[in-house]
Undergrad: 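Take a look at the following structure, please.
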There are 2 protein chains.
Amino acid sequence: MYGKDLSERKKLILKAVVESHIELGEPVGSKSLQQLPGIKCSSATIRNEMAELEEMGYLEQPHTSAGRVPSQLGYRFYVDQLLEHYAMTTGEINQINSILKSKTAELDQILLAASKLASSITNYTGLAVKPKRSSVSVSRFEVAYIDESNFVLIMVTSLGNVVSKHVRLSEPRPRQRIELLCEALNKLVAGIAAESINLPVIMNLEAVMESDAPIVAPIVKTIYSALTEYDGGELQLSGINRLLQYSDYESPEHLSELLGTLEQKDEILRLVSESTGEDVSVLIGTESSVQVMNNSALVFKPIVKDGKTLGVIGVLGPLRMDYAKVLETIEHLCGSVEEIIGGYSPIFPSPAALPPSDKAANDLRKGKNDTDE
Amino acid sequence: MYGKDLSERKKLILKAVVESHIELGEPVGSKSLQQLPGIKCSSATIRNEMAELEEMGYLEQPHTSAGRVPSQLGYRFYVDQLLEHYAMTTGEINQINSILKSKTAELDQILLAASKLASSITNYTGLAVKPKRSSVSVSRFEVAYIDESNFVLIMVTSLGNVVSKHVRLSEPRPRQRIELLCEALNKLVAGIAAESINLPVIMNLEAVMESDAPIVAPIVKTIYSALTEYDGGELQLSGINRLLQYSDYESPEHLSELLGTLEQKDEILRLVSESTGEDVSVLIGTESSVQVMNNSALVFKPIVKDGKTLGVIGVLGPLRMDYAKVLETIEHLCGSVEEIIGGYSPIFPSPAALPPSDKAANDLRKGKNDTDE
DNA sequence: TTTAGCACTAATGTGTCGCGAGTGCTAACT
DNA sequence: AGTTAGCACTCGCGACACATTAGTGCTAAA
């Protein structure tokens, strides 16, 4: 393991370099370190130590006769071992409480609010992700009949969310047939994950629908696409303008590329979904393996309830971000969000107290979230 | 009216200045104009003309001994009177067709795709707006019962969209009571616009619900917020990175401010909703009366069907944007989108073929749109 | 009314210079 | 052996002077 061979003094110096550079954004020299409390040696000694730290890869020099700047490895080590707990100010805590607590609404809203808070507290770009989910299923179908050629198919998913799709029929069907279809769907499709809607299921459906068999296929297709679409993960950024505050020293083309990648969304979604575990992830520079983020750091943490990841909130900032504050903020935010959604009386408290469609029972064990729209 | 006193030659010169500056982004001098076809006088004459144009406010000089740059008024006049029709390339048309035609899905999706197209074709930032609607109402309520403390209230709006809200009850209620509530809602609230849900309505509801009166108020509040929230207008940007390509000569703080304003969304929504008529709007510089957009131009056009504005797509770019191309692109895009949604068989074809809730009848005269989710 | 010519202006680019912050190295010191 | 003082060296950076250049306005002639 790296970093085990560092003397206490080296750690102290590395820590000081990182923190000074995070704060001021400039290469830090031996003299400025010397007058720091806790260091009792001369600038020459510090120079020697820094030279060695550079040798080992923790620091680097923009050019001869500039101070040192932490390398990616330097930040890594700092985050892993040197970080001091940041105590959030009461102002910050109040801000979180007042804004977040007022949102008892949809999870989406809460996530967005949390991302905005993350951005405004840390002064970096905040992000909220509604993660890709595997194997969502519909626990119940409803129809809202509009006219003989149109109805809205409403699906309550296994997670308690609601997805609705407008369906247009090529040939008109009377109300009862549609309601029959709905019943059939509830009997045959409810509780089945999108990927396991297969031919036998469809044939069953068609058999039930008798003369209306032709309308089954397009409807199943609609259901399928609704589920997978809903499933697709969503990324929302807040405080994009703060990207400029720190990457202005970078080339504008680079920034433009970064913005493009962010707008694409898939890279970030991939990163977020790749991370395992319930803990904070910190991706520094190339660790993200996204070319354009080599000069950025990404900190994020999933919001977990009963073992399910309901969302992710995080912060995107420069390599020299204030990791202590960001980590603390993210953790606090996640905590608050989990508290809020935990405060909900569970929608599906136990396999016993169940929604009407018995079929769906086995899919509802853990789903207790409550977004919709 | 301005601009009537301009000689043909002045117009020619103004046009040339604008177009040259749009293309190259640099102040344009008398010499470079001279060698343009269609101008048969010497640079000195052009200088005189330009001096007069500056006098009149159509041109301005960044400093002595630089060329001239169009003023805001200059652009205005150019757009109003000098613009030449831009013929879209077949490549561009194909791009639109292939991408747009494949989206037969939700209006939201179509709008987003159109905005992306606008951005990629024009190389500026594209925007799509789902406009604020006035007086949406619920034409029908449905409930999806989950358990005795939870149900999902599903509302089919007067426009045929579906909004759903999860409702948590502080005290459990049996299924029948919820269904009764739903019936009552359909009787008393369906067809009423959010703003006309008043005390008498609520009292009526409470009377019907008898012992369950206490749950009425929060539910009405939910309905109200769902409607106004849904009603709130939505803005999506695409190609934000292209903002950098042209505003890099601006101060980075300014750009940051602009991004902030865009993220806020309300300014843009206001601008878009303020515009009347079905035509393209072109807001140049201060015409938007948004401080931070003084150096930007906004071009947008509503998507209209049967007299209803279903969305707006537009482009945000620098003052020196390629108005000819942008205008043509936006108009073409809007045309394509209208064509696509026009192809839908109308959901509410006539006041006769109506959704079950008779109450809602009078709200459905024109609603023929079909988004959902 | 147009044009050629000329003096003038301001931005832009280039080269030189000195300053200052910071380093590495060596030699003396504990 | 580790620490420190001292010193020579290296860059980056801002300042200044200077030439260049693209463009102007004005005047006087066509």
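Here is how names work: the chains are called A, B, and so on, in the same order as the sequence lines, proteins then strands, and each is numbered from 1. If you're wondering where the values come from, they're calculated on a predicted model, not measured in any experiment. No hydrogens, no waters, no symmetry mates; every other heavy atom, side chains included, goes into these values.
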Undergrad: Evaluate side chain to side chain donor-acceptor pair (under 3.5 Å) for Y78(B) paired with E19(B), printing each intermediate quantity in order.
TA: CA-CA 9 Å; Y78(B) 173 76; E19(B) 287 175 353; 3.0 Å; yes
Undergrad: Which of these, S115(A), S120(A), S119(A), sits in a side chain to side chain donor-acceptor pair (under 3.5 Å) with S238(A)?
TA: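 That would be S115(A).
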Undergrad: Polar-atom pairs under 3.5 Å, protein N or O versus N or O of nucleotides 4-6 of chain C: list them with distances, or write none.
TA:
residue	atom	partner	partner atom	Å
dG5(C)	O6	R47(B)	NH2	3.2

Undergrad: dG23(D) P sits how many Å from E26(B) CD, rounded?
TA: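 Result: 9 Å.
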Undergrad: Does any non-hydrogen side-chain atom of N241(B) lie less than 4.5 Å from one of E257(A)?
TA: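 In short, these two side chains do not touch, never coming nearer than 4.5 Å.
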Undergrad: In whole angstroms, how far is the C1' atom of dC29(C) from the CG atom of N48(A)?
TA: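 N48(A) atom CG is separated from dC29(C) atom C1' by 15 Å.
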Undergrad: Answer yes or no: is there an ion pair linking R9(B) with E49(B), defined by an N-O contact shorter than 4.0 Å?
TA: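 Looking at R9(B) and E49(B), the cut-off is met.
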Undergrad: In whole Å, what is the span from the CG atom of L59(A) to the C1' atom of dG24(C)?
TA: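 Taking atom C1' of dG24(C) as the reference, CG of L59(A) is at 16 Å.
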Undergrad: To the nearest 0.5 Å, what is the distance between CD on Q72(B) and OG1 on T286(B)?
TA: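 Q72(B) CD to T286(B) OG1: 3.5 Å, rounded to 0.5 Å.
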Undergrad: Nearest 0.5 angstrom please: K10(B) NZ to L59(B) CG, how far?
TA: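 Between atom NZ of K10(B) and atom CG of L59(B) there are 11.0 Å.
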Undergrad: Roughly how many Å is it from CD1 in I46(A) to P in dT4(D), rounded to a whole number?
TA: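 Taking CD1 of I46(A) and P of dT4(D), I get 9 Å after rounding.
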Undergrad: Rounded to whole Å, please give me the gap between CG in L53(B) and P in dT24(D).
TA: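 Taking CG of L53(B) and P of dT24(D), I get 12 Å after rounding.
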Undergrad: Indicate for each nucleotide in nucleotides 8-17 of chain D, in 5' to 3' sequence, whether protein heavy atoms under 4.0 Å reach the base (B), only the sugar-phosphate (S), or nothing (-).
TA: --BBS-----
Undergrad: Could you give the side-chain donor-acceptor pairs of residues 20-39 of chain B under 3.5 Å, partners two or more places apart or in another chain?
TA:
residue	atom	partner	partner atom	Å
H21(B)	ND1	Y75(B)	OH	3.1
S30(B)	OG	R47(B)	NH1	3.3
S32(B)	OG	G29(B)	O	3.0

Undergrad: Within this structure, what is the CD-to-C1' distance between E49(A) and dA1(D), rounded to whole angstrom?
TA: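 E49(A) atom CD is separated from dA1(D) atom C1' by 13 Å.
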Undergrad: Take atom CG of L24(A) and atom P of dA21(C), then tell me their distance rounded to the nearest Å.
TA: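 Going from CG in L24(A) over to P in dA21(C) covers 15 Å.
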Undergrad: Does dG2(D) have OP1 or OP2 sitting under 4.0 Å from an N or O in the side chain of R9(A)?
TA: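 It does not, given that no N or O in the side chain of R9(A) lies less than 4.0 Å from OP1 or OP2 of dG2(D).
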Undergrad: Please determine if R68(A) and E54(A) form a salt bridge, counting it only when a charged side-chain N lies under 4.0 Å from a carboxylate O.
TA: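 Looking at R68(A) and E54(A), the cut-off is met.
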Undergrad: Could you go through E328(A) and K325(A), starting from their C-alpha distance and side-chain angles, then the distance that decides it, and tell me whether this counts as salt bridge (Lys or Arg N to Asp or Glu O under 4.0 Å)?
TA: CA-CA 5 Å; E328(A) 186 62 23; K325(A) 181 167 185 177; over 6 Å; no
Undergrad: Without decimals, in angstroms, what is the distance between K31(B) NZ and dT3(C) P?
TA: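 Taking atom P of dT3(C) as the reference, NZ of K31(B) is at 15 Å.
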